[in-house]
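Worksheet: one structure, shown below.
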Amino acid sequence: MKLRAKLLVEGIVQGVGFRPFIHNLAKAYDLTGWVLNSSKGVIIEAEGEEVGVESFITDVKSKAPPLARIENINISFLPRKGYISFEIKHSLAREGEFVLVSPDISICPDCLRELFDPQDRRYEYPFINCTNCGPRFTIIKDIPYDRDKTTMDEFEMCPLCAEEYSDPTNRRYHAQPNACPVCGPWVSLVDRERKPISGKPKRKLFNLELYLKQKSPFNEAGRLLKEGYIIAVKGLGGFHLACDATNDMAVKSLRERKGRDDKPFALMCLDMETIERYCSVSDEERSLLENRSRPIVLLRKLDNIPISEYVAVNNNYLGIMLPYTPLHYLLLKSSPPALVMTSANISEEPLLKDNEEVIRRLSHIADYFLLHNRDIFSRCDDTVARVVNLSSSSQEMMIRRSRGYAPLPIGLGFELKEVLACGGELKNTVCLTKGRYAFLSQHIGDLKNYETLQYFEETIERFRRLFKINPKIIAYDLHPQYLSTRYALEQEDIELIGVQHHHAHLASCMADNGLNGLKERVIGVIYDGTGYGTDGQIWGGEFLVGDYRDFKRVAHLRYIPLPGGDSAIKKPYRVALSFLQEIWGRDYSTRLDIELLNRISRDESEFIARMIEVGLNTPLTSSCGRLFDAVSSLCGVRDTINYEGQAAIELEMIADPRISDSYRYGINEEEESWIVDTLPIIEEVIYDLNRGQPRSTISAKFHNTVAEFSLDLCKKIRDREGINKVVFSGGVFQNMFLSERMMRNFDKAGFEVYIHSQVPPNDGGISLGQAVIAQFKENL
Ligand code: ZN
Ligand code: ZN
Ligand code: FE
């Protein structure tokens, strides 16, 4: 019997080779009809024998091209029409409808093979790509996704490329960035004076024979890297600063020139074999590294490796990625085995993306510039992820969700209003919602300067245009000083909804795990550095009970004075001194004999004591991050920091996993909530210091204590509220020593525990929580 089926396929089905796949599939089953790209998705009509049509439908789901992400297929059966052939119809975009945009995808195995095949016409061509791989988000200016709406529009395809592009049986059918050495972009290596070292300075001068005769810019770049030079390398979503990671002098001078004291650098290595020489890699970590989004993966260092100690100071982990573009493969082939590949920016500013700007602004850092002439439209930093080991399994956790992931949405499974959520201050991302999707932006950065604010506003505009979202509601953080908050409050004719920081963390973790925050409430253990509380104090060690609509604060860490407010964040010793004064009073120094007091000048400690005493610029904080800071400083690990979280990270790194002891703490009941008294912990830390316990022991005991009081409190909350589901969110949960212990202990105590996976536990994830909460909140 003959049948006609009509299919509407929704998801990422455009620009990923979906129509030729359908075309070839229809031919294989001897079906007639057509396929069409619409702004709702791909529409297919297929007519033929019943068996053929049925197998066709099964294969659409199971054999879709690698980059396609099918969200939904709507199938209806209709009377036969008598089509004679199977056609690919021309696409039409309709007003207000939107399609999903693919993120940038690492080079596929087919293209990689061609890249290193001397017989192939794209042999060693750094921009080889096909429908299954290559740049997308970073080159797309507008939709529908066609070449003239990308930064490839200035390159006209040569006849050979054009032929591939229009042949449905070819892997490059409608591959918008399709190019070859004859017609596409090229690289050149120049010095600070813009003088070419190698490569092709002007496109017009170029032809294939010339190119083959030339000395490869990659060999030259590799040679310079081996000699210890620093090279700015233009990649996919921005530039990297590259140098030989095994060369102390090179890494040190990169740190000095960039003004980046200790914050770890990411590395790139050619292959898994090389990575395994430096780090231990589990199966899960390997598949994360090899994932076509190619994130930077945090991996545990092996002992005595030839990587410079300046790459990741006082850190047991290295962040490593595999090459993700053909350009990176060519560079790594001729480079030292491990390259530092760190974002090329002026400190705290967004990534730089334009050739001229990079040469102008980074000449004091880079010795040479490996440039190319395909423009970057949207910047996109590298993604950072890791594997968390749970009791019986393991789970991926995002630390920074960016290249290879953005602008893929998080599917929420229910209809959403059009909302813009502005995120927080640090590690900012924005989130726009439409349909059943939350579109989380790439990593924008710390909103602390004009350039980043510009990038923030530009990203909002681009996401609005790309996904045709016209928000009627803006969600923002309650902190009045955040630039994202100020931006929100400046917008006119739009409903504004303020969302408490830690409530946003809770909702973010619920949404991340697909929990239904309309039907159920959870306990949220939210540990981070800073968040504006509804009482005007700085929160950050919070036990909430809540859902998407509302929350209540059921417990928190004891408030302590934060002398100097925000400026104390860079000076953990101030928090330590604040604890001492809280415990022993104003003249603590006469009653205590500890190392810390010898490291801080008398004037300084006197100044801080006075500040606390009179309450000058000294808000109260329940921050868990600050508790870690205090212990880190007391132990002599870090008195001051030069990147966010450094004191806590270095404290985690020395913790001895064999220690199972812990410290005393108190839980006091006040009205409707519990307060964790942290003072006994500090007293016992000092007792241990005075009796000469190793720092590794003290650190471990401290971590164990935090895990213990967390569980203790959650049991009380469970008993009172009858809730067994717990979400962990906040930047502190990037601490694996703590997270893995807490997961194990909560698991044993019968809790259902949820941690982050698709979005980061840090403030990079809160825009998602804000967007979800704003859906349901009544504006008062
Ligand atoms: Zn490919
Ligand atoms: Zn070509
Ligand atoms: Fe936070």
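In each ligand, atom 1 is the first atom listed, and ligand 1 is the first ligand listed.
Centred on the Zn ion (ligand 1), the angle running from Cys133 (SG) to Cys108 (SG) is recorded as 110°, rounding to 10°. When rounded to 10 degrees, the angle formed at the Zn ion (ligand 2) by SG (Cys158) and SG (Cys183) equals 120°. Taking the Zn ion (ligand 2) as the apex, the angle formed with SG of Cys161 and SG of Cys180 is 100°, to the nearest 10 degrees. The Fe ion (ligand 3) forms the vertex of an angle spanning NE2 of His501 and NE2 of His505; to the nearest 10 degrees it equals 100°.
The nearest N/O/S atom of Asp528 to the Fe ion (ligand 3) is OD2. Closest approach between the Fe ion (ligand 3) and any N/O/S atom of Asp763 involves OD1.
Within the cation-pi definition used here (under 6.0 Å to the ring centroid, within 45° of the axis), Lys552 does not qualify as a partner of Phe543. By the 6.0 Å and 45° rule, Arg19 does not stack over the aromatic ring of Tyr173. A cation-pi arrangement, defined by a distance under 6.0 Å to the six-membered ring centre and an angle within 45 degrees of its axis, is absent between Arg374 and Trp186.
The environment of NZ in Lys427 is crowded: more than 12 heavy-atom neighbours from other residues, nucleotides or ligands sit within 6.0 Å.
Ring-plane geometry between Phe728 and Phe733 is classed as parallel, the angle between the planes falling under 30 degrees on a 0 to 90 degree scale with a further cut at 60.
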